[in-house]
Amino acid sequence: MHGPHDNDAPDTLDDAVRDFMAVRRRLFGVAYRILGSAAEAEDVVQDAWLRWQATDRTVVKDPTAFLITVTARLAVNVAKSARVRRETYPGPWLPEPVDTTADPQLGAERGGALDLAVLLLLEKLNPLERAAYVLREAFDYPYAQIAAMLESKEATVRQYVSRARRHLAGERRESVGAKAHKRLMEVFLKAAQTGDLKGLEEVLTDDVVSYSDGGGIRNASRIPVAGRTRVARYLAAFAPRFWPEAEVRWVEANGSPGVLVSHAGEAVALLLTDVSERGVERIMWVMNPEKLDPYVASLGN
């Protein structure tokens, strides 16, 4: 790959690799939050690398800013086409979970816009609003810089971010800390495993929603189940079929506690919850093997 005179050049491939690798995790963090898909984010990062290789890097003053800009624009373009695909997705679409134990912030200065429930809600925004929100909330970029990245006006970017904040505030209550989240999830899990209708109703909020993403591959409910009574009955009804043979492992996904459920050694679901002071607000079952298998592989043993 390297010729004998590469090191004499003003900008070598080694330099390009070093600059890219220094910011690679952040590039993934940006793309993943905009897309809600680890697989799509990896493709975007790879595309950014190819563009970086083909760029006249001697004129680039700030490699990091350049690479973030390229990645954000690529991710917005992918998000536009992903929206069309997700309209025809069989049943509820959930973001692809990521293991955050190895890299807690996924390259972000702050953990913002990483929670699966937040990524799910951001999906309702248009890609530019979503990108502006991610760059501001998760990475703390100044509005002027975000405007340059997204080829927009600063006032427009401010509108994008405030619209995203309003949307999230209107749809989601303040989540609780990790310890309280895990405690309530333990109570919820026990009630779900035993089909304890009363126990379930005590931890579910009145407007709780349960989403099952089977992607048309795994047998899962094709519509979200909503409301305390309906969700409790739904969970109690499938408890005898689902839980007796199940092995349960506590894991972390997107910065929150989760439960990996396996049957005969094969992972069949990742259970995640969105928890507020009121109780369990959202239940998310990631069952589509195309999302579940890469997550399980990332856990290692």
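Keep in mind the model is a prediction, meaning the values are calculated, not measured.
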So, applying ring-ring contact (aromatic ring centres under 6.0 Å, His included) with Phe20, which one of Phe28, Trp52, Trp49, Phe66 is it?
Trp49
Asp213 versus Trp285: any side-chain heavy-atom pair under 4.5 Å?
no
Given side chains that start at C-beta, do those of Arg282 and Glu171 come closer than 4.5 Å, heavy atoms only?
yes
May I have the step-by-step check of side chain to side chain contact (heavy atoms under 4.5 Å, CB included) for Trp93 and Lys291, ending in yes or no?
CA-CA 11 Å; Trp93 178 91; Lys291 297 176 183 181; 3.3 Å; yes
Test log, rule side chain to side chain donor-acceptor pair (under 3.5 Å), inputs Tyr295 and Asn254:
CA-CA 11 Å; Tyr295 171 79; Asn254 296 62; over 6 Å; no
Walk me through whether Glu186 and Lys190 qualify under salt bridge (Lys or Arg N to Asp or Glu O under 4.0 Å).
CA-CA 6 Å; Glu186 283 168 346; Lys190 190 176 177 193; over 6 Å; no
Backbone of [Y] reached by a side-chain donor or acceptor of [X] within 3.5 Å:
X      : Y      : value
Glu96  : Ala39  : yes
Arg228 : Leu204 : yes
Gln145 : Pro142 : no
Arg33  : Gly29  : yes
Arg218 : Met287 : yes
Glu247 : Ala264 : yes
Arg249 : Val261 : no
Thr205 : Val280 : yes
Ser221 : Ile223 : yes
Arg136 : Arg158 : no

Salt bridge present between Asp14 and Arg18 (N-O < 4.0 angstrom):
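No, no charged N to carboxylate O under 4.0 Å.
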I'd like to know if Arg24 and Glu42 make a salt bridge, using a cut-off of under 4.0 Å between side-chain N and carboxylate O.
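So Arg24 pairs with Glu42 through a salt bridge.
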In one Ile/Leu/Val/Met/Phe/Trp/Tyr side-chain cluster, 4.5 Å: Met185, Met284
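No.
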Hydrophobic clusters here meaning ILVMFWY residues chained together by side-chain heavy-atom distances under 4.5 Å, can you tell me if Phe188 and Tyr211 are in one?
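Cluster IDs for Phe188 and Tyr211 differ.
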Could you walk me through whether Ser256 and Asp115 pass side chain to side chain contact (heavy atoms under 4.5 Å, CB included), step by step?
CA-CA 7 Å; Ser256 295; Asp115 192 292; 3.5 Å; yes
Side chain to side chain contact (heavy atoms under 4.5 Å, CB included) between Ile283 and Val208: does it pass, once the steps are laid out?
CA-CA 8 Å; Ile283 305 162; Val208 62; 4.1 Å; yes
OH/Tyr160 to CG/Leu150 distance, rounded to the nearest 0.5 angstrom?
8.0 Å
Parallel, tilted or perpendicular, as decided by the 30° and 60° cut-offs, for the rings of Phe238 and Phe242:
perpendicular
Between Glu252 and Thr100, a side-chain donor and acceptor under 3.5 Å:
yes
Say whether Thr101 and Asp99, considering side chains only, have a donor N or O and an acceptor N or O under 3.5 Å apart.
yes
For Ser276, which of Arg172, Arg173, Glu281 qualifies under side-chain hydrogen bond (donor to acceptor under 3.5 Å, both in side chains)?
Glu281
Are Glu202 and Val187 close enough, and set up right, to give a side chain to side chain contact (heavy atoms under 4.5 Å, CB included), and what steps lead you there?
CA-CA 10 Å; Glu202 281 173 3; Val187 175; over 6 Å; no
